[in-house]
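One structure below.
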Amino acid sequence: MSDHYQTLGVDRSASQDEIKRAYRKLAREMHPDVNPDPKVQDRFKEVTAAYEVLSDPEKRSSYDRGGDGFSGFGGGGFGGFSDIMDAFFGGGGTPRGPRPRMRQGQDALIRATIELQEACFGTTREIGVETAIICEKCGGDGCAAGSSPKTCDICKGRGEIQQVTRSFIGQVMTSRPCGTCQGYGTVIPQPCGECAGDGRVRARRNVTVKIPAGVETGNRMQLAGQGEVGPGGGPAGDLYVEIIVSEHDYLVREGDDLHLSVRVPMTGAVLGTTIEVETLDGEVELEIKSGTQSGTVIPIRGKGMTRLRGGGRGELFAHVEVVIPNKLSKEEESVMRKFAELRGDEKESSQLRKNSEGGFFGKFKEAFRG
Ligand SMILES: [Zn+2]
Ligand SMILES: [Zn+2]
């Protein structure tokens, strides 16, 4: 058995750096791509084996004590050129080798438009999705019936082509993906006629989506594994359904609350009345107290939107708009004049007041406090 120190041409006291430098120099001279002579290659194997032992402090000290230095090495030998280059340049980087044909599919996004009523109470939708599904004909492997992928002849299954080029530090190995197999390491000699070797086809299918009560525009629901099937029949990504709630004819949403305008005839506002209000739950009766002003906000408890989290319902706020008649008959006019006379309204000056109590916002807050 040759002496590892002699093989590398270094002293027994050589530092790790000296050993590395010595090996580097020899490897440049003896690399098979540079010097294919079998004798040189045998020596290169020795040099590499020596380096493998001496570059590892543990193996080196075992070797120094008289062992072979290969304890724990498993006898697998020192393999390919890339291993050597890793030893050189500290390994790291991305693992080499062919890339897998089967890969994870992408997520998909679709939009579903629903009515406010459906958003409040929840609904179920069948939605047509145009997506990549696994190719039934080949089951995803992309091969025509009875055929299978073959190891690429050009890169011998490595998925990459290696080249030694000259650079300022000497011979440097570079690699690039194999153009013949696109880096897969295998080629499909007879691609499936249905998917042309991709393992998936585009298809339209229907997805049943259960939309929970309380959703609003912009909410996204995630349907795991319902997205695009990956290349080579890889696992599907997720499907996201984005909700769009269409505008209601007269209900305006504000978070979990709803607002609507109700028109009350002047006489009803003055004398008090009951009106019918259309809500998401159907018609409800709303009491208008006598003396109700325009802009008054009346809360209707629990008739707002369902809360997406925590359940329960928001409120519905009825904003009162008192309707003043703009065309009066002779008789109506005379009654109104009589009324004004009784009230003494003709003498009262119209005085501007600070908007401290009335106004939309003040009344709104009042209503909120209940
Ligand atoms: Zn196919
Ligand atoms: Zn190849």
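Just so it is clear, the structure is predicted and the values come from calculations on it, not from any experiment. Start at 1 and go down the list; that is how both ligands and their atoms are numbered.
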Notebook entry, point to check: So with a 6.0 Å cut-off around CD of Gln222, is the heavy-atom count from everything else above 12?
Noted result: yes

Check: So does Cys195 have any N/O/S atom less than 2.8 Å away from the Zn ion (ligand 1)?
Finding: yes

Notebook entry, point to check: What is the SG(Cys135)-the Zn ion (ligand 1)-SG(Cys138) angle, to the nearest 10 degrees?
Noted result: 110°

What side-chain donor-acceptor pairs closer than 3.5 Å can you find for residues 103-112, not counting sequence neighbours?
unit_1: Gln104; atom_1: NE2; unit_2: Ala236; atom_2: O; d: 3.1
unit_1: Asp107; atom_1: OD1; unit_2: Asp238; atom_2: N; d: 2.7
unit_1: Arg111; atom_1: NE; unit_2: Glu242; atom_2: OE2; d: 3.4

Check: Regarding Thr208 and Glu126, is there a side-chain donor-to-acceptor distance under 3.5 Å anywhere?
Finding: yes

Next item on the list: Begin from the C-alpha positions of Ile211 and Glu118 and carry the test side chain to side chain contact (heavy atoms under 4.5 Å, CB included) through to its verdict.
Entry: CA-CA 8 Å; Ile211 298 169; Glu118 295 175 302; over 6 Å; no

Item checked: Nearby protein N/O/S atoms (those under 2.8 Å) for the Zn ion (ligand 2), with water ignored -> Cys152 SG, Cys155 SG, Cys178 SG, Cys181 SG

Next item on the list: Determine yes or no for a side-chain-to-main-chain donor-acceptor pair under 3.5 angstrom, with Tyr63 supplying the side chain and His4 the backbone.
Entry: yes

Notebook entry, point to check: Are Leu239 and Met221 co-members of a hydrophobic cluster defined by side-chain heavy atoms under 4.5 Å apart?
Noted result: yes

Next item on the list: Answer with yes or no whether the hydrophobic clustering places Tyr250 together with Ile300; edges join I, L, V, M, F, W, Y residues whose side-chain heavy atoms lie under 4.5 Å apart.
Entry: yes

